[in-house]
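Notes follow once the structure below has been shown.
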Amino acid sequence: MGLGSAMIAAAAAPAQGDACTRVIYEGADSLYIIGRSLDWKTPIPTNLYVYPAGIEKQGSSSVKGINWVSKYGAVYAVGYDGGITEGMNEKGLSVNGLFCKGTIYSNEEREQNPPISLAMIVGWILDTCATTDEVETLLTETPFKIEGATFDGGTVSTLHWGVTDASGKSIIFEFDKGNLKISDPGDFRAMTNDPQWESMSAILAYWDKIGGQHFLPGTVTSADRCVRANYFAHHVNPVVEADLGAAITRSILVNSSVPYTYNIVGEPNLSSTQWRSYSNLRDKLYYFDIVTNPGYYYVDLKKCDLTPNGKILKLNTEHTQDLVGDVTDRLEKSDGFTPMY
């Protein structure tokens with residue numbers, strides 16, 4: 001798809017389109033913070049889990065599915081207490097899944113591969129990889145197919161994923177008619193939803209030539225949000241302080257989010273931002289920001305026992321609406337979540 005076609009398609013996209021934004025903030029002294037917003041038309045209950053290393057994991061309900069033992073501990077954001085939306089591991093690797101309507105997971109060849117559920121694919125990556133290069137190797141050298149592509153009463157969960165490690169190296173991976181596509185975003189620091197990355201990067205390149213100081217696209221469409229997030233990520237100060245870096249990342253995401261309860265007459269299924277997260281890859285801090293809460297808070301992975309002797313921990317976000325700052329000591333022992341295979 002050429003740039004003109006991509007921009008027309010983006011402009012013509014229905015207003016109720018799924019709306020998530022991911023942005024990379026590059027600070028000073030090796031500070032990288034990955035911010036993302038999770039947008040949907042209805043609330044998606046999301047709890048935080050910290051899993052230690054050394055746990056046997058099952059990626060599918062099938063006996064022929066992909067299984068593994070976790071090498072690294074990680075914090076997960078788990079939607080509906082059944083599927084990992086995103087997370088960060090102890091090595092500073094971040095993986096975030098965003099909606100992408102153009103995704104088609106399977107084809108005849110891929111259908112022959114062992115399955116892994118959408119509920120667990122982020123966990124598979126975070127549990128077994130330390131770097132972006134390792135993620136690329138895992139995805140390209142391990143035969144697999146994706147299962148469990150529905151949720152929320154049968155909604156088709158079509159996703160693509162952004163990956164960044166502690167060095168700042170990033171990839172975007174997506175599926176086009178069952179074919180795995182891995183892209184290097186280069187100096188682009190944002191991704192959203194449709195169109196897929198090849199066309200979205202062309203849109204970003206177009207707006208880079210225009211600039212943004214005097215004019216930026218302002219709607220809540222995927223392309224407009226991506227352009228705004230990318231522009232502001234390049235025009236904020238690089239700081240060294242963790243909390244200040246998270247605040248800057250938060251301000252970029254707020255500018256690229258969809259206002260809560262956003263409403264247009266005749267469009268009953270509009271998505272709006274439910275929560276945001278900020279993964280500090282240098283200091284291993286995972287911030288969580290529910291838009292209806294008065295503040296936001298973080299889990300410090302450095303304070304968690306992520307060895308095989310550690311325990312699974314959980315923060316029930318529905319019961320902790322007034323938390324601010326470091327909430328690591330508020331995590332409670334848990335049996336873990338039950339994957340929605």
Side-chain angles (χ1 to χ4, degrees), residues 3 6-7 10-11 13 15 17-27 31-40 85-86 94-101 159-164 168 170-172 174 183-239 244-260 262 271-281 287-289 291 296:
L3 174 59
M7 295 185 70
D18 314 312
C20 302
T21 303
R22 183 181 195 263
V23 64
I24 302 171
Y25 171 73
E26 182 176 355
L31 177 63
Y32 289 95
I33 298 177
I34 309 304
R36 77 81 50 86
S37 66
L38 188 287
D39 301 6
W40 190 240
T85 302
E86 63 157 39
S94 172
V95 182
N96 313 88
L98 283 72
F99 278 95
C100 181
K101 286 192 179 73
L159 305 176
H160 59 174
W161 292 264
V163 179
T164 305
S170 299
I171 58 171
I172 293 169
E174 47 199 3
S183 304
D184 179 353
D187 197 37
F188 292 135
R189 299 182 186 177
M191 66 177 289
T192 50
N193 313 107
D194 289 277
Q196 289 194 335
W197 182 249
E198 181 179 358
S199 295
M200 183 66 83
S201 61
I203 294 172
L204 292 174
Y206 168 83
W207 279 99
D208 270 357
K209 294 177 182 178
I210 294 176
Q213 182 177 356
H214 301 293
F215 177 53
L216 281 172
T219 76
V220 299
T221 62
S222 175
D224 283 10
R225 288 181 290 103
C226 196
V227 168
R228 291 201 304 277
N230 181 64
Y231 172 77
F232 285 114
H234 282 89
H235 291 85
V236 290
N237 288 338
V239 302
L244 181 55
I248 293 171
T249 310
R250 187 188 194 209
S251 68
I252 297 170
L253 267 186
V254 168
N255 188 278
S256 303
S257 294
V258 181
Y260 196 61
Y262 176 59
S271 294
S272 60
T273 298
Q274 308 289 324
W275 53 259
R276 307 178 189 94
S277 69
Y278 319 101
S279 298
N280 179 332
L281 308 186
Y287 297 76
F288 205 64
D289 180 11
V291 299
Y296 65 116

Considering all heavy atoms, the nearest Ala233-Val23 contact: CB-CG2, 3.7 Å
Which is it for Phe99 and Asp39 under the side-chain contact (heavy atoms from CB on, under 4.5 Å) test, yes or no, and what are the steps along the way? CA-CA 9 Å; Phe99 278 95; Asp39 301 6; over 6 Å; no
For side-chain contact (heavy atoms from CB on, under 4.5 Å), just list the numbers for Val227 and Leu204, CA-CA rounded to whole Å, side-chain angles, deciding distance to a tenth of an Å, and then say yes or no. CA-CA 6 Å; Val227 168; Leu204 292 174; 4.0 Å; yes
Donor-acceptor under 3.5 Å (Ser201 side chain, Glu198 main chain): yes
Could you tell me whether the side chain of Tyr25 reaches within less than 4.5 Å of the side chain of Asn280, counting heavy atoms only? no
Rounded at 0.5 Å granularity, tell me how far OH in Tyr231 sits from CZ in Phe215. 13.0 Å
Please tell me if the side chains of Thr249 and Arg276 come closer than 4.5 Å, counting only heavy atoms from C-beta onward. no
N/O donor-acceptor pair under 3.5 Å between Arg225 side chain and Val220 backbone: yes
Taking the side chain as every heavy atom from C-beta outward, state whether Ser271 and Val258 have any pair of such atoms under 4.5 Å apart. no
First locate atom CG of Leu159, then atom CG of Asn96, and finally report the distance between them rounded to the nearest 0.5 Å. 11.5 Å
With no hydrogens and no angle check, is any side-chain donor or acceptor of Thr192 less than 3.5 Å from a backbone partner on Thr21? no
For Asn255, is there any backbone N or O sitting under 3.5 Å from a side-chain donor or acceptor partner on Arg228? yes
Is there side-chain contact between Ile203 and Pro195, with heavy atoms separated by less than 4.5 Å? yes
Of all heavy-atom pairs between Trp197 and Met191, which one has the smallest distance, and what is that distance? CZ3-CB, 4.0 Å
Just wondering, do Ser222 and Met200 contact through their side chains at under 4.5 Å, heavy atoms? yes
Shortest non-hydrogen contact between Ala246 and Ile33, atoms and distance: N-CD1, 3.4 Å
If the plane angle is over 60° it's perpendicular, under 30° parallel, otherwise tilted; pick one for Tyr287 and Tyr296. tilted
Between OG of Ser279 and CZ of Phe288, what distance do you get to the nearest 0.5 Å? 10.5 Å
Just by distance, do the side chain of Asp224 and the backbone of Pro217 share a donor-acceptor pair under 3.5 Å? no
Restricting to ring-ring contact (aromatic ring centres under 6.0 Å, His included), what partner residues turn up for Phe232, sequence neighbours left out? none
Testing the basics here: between Leu31 and Gly245, what is the closest heavy-atom pair and its distance to 0.1 Å? CD2-CA, 4.4 Å
Do side-chain atoms of His234 reach the backbone of Arg189 as a donor and acceptor pair under 3.5 angstrom? no
Quick one: pull up CD1 in Ile34 and CG in Leu281 and give me the separation to the nearest 0.5 Å. 5.0 Å
Which heavy atom of Phe188 sits nearest a heavy atom of Ala205, and at what distance? CZ-N, 3.7 Å
Side chains of Val291 and Gln274: closer than 4.5 Å at any heavy-atom pair? no
Would you call Asn230 and Asp208 a side-chain contact if the rule is heavy atoms closer than 4.5 Å? yes
Donor-acceptor contact below 3.5 Å, side chain Asn193 vs main chain Cys100: no
Kindly determine whether Arg22 and Ser170 satisfy side-chain hydrogen bond (donor to acceptor under 3.5 Å, both in side chains), including the steps that lead there. CA-CA 12 Å; Arg22 183 181 195 263; Ser170 299; 4.9 Å; no
Any donor-acceptor pair under 3.5 Å linking the side chain of Ser199 with the backbone of Gln196? no
Identify, with sequence neighbours excluded, every residue that meets side chain to side chain contact (heavy atoms under 4.5 Å, CB included) alongside Thr85. Arg36, Leu38, Trp275
Please report the closest heavy-atom contact between Ser37 and Thr273, naming both atoms and the distance. CB-CG2, 4.0 Å
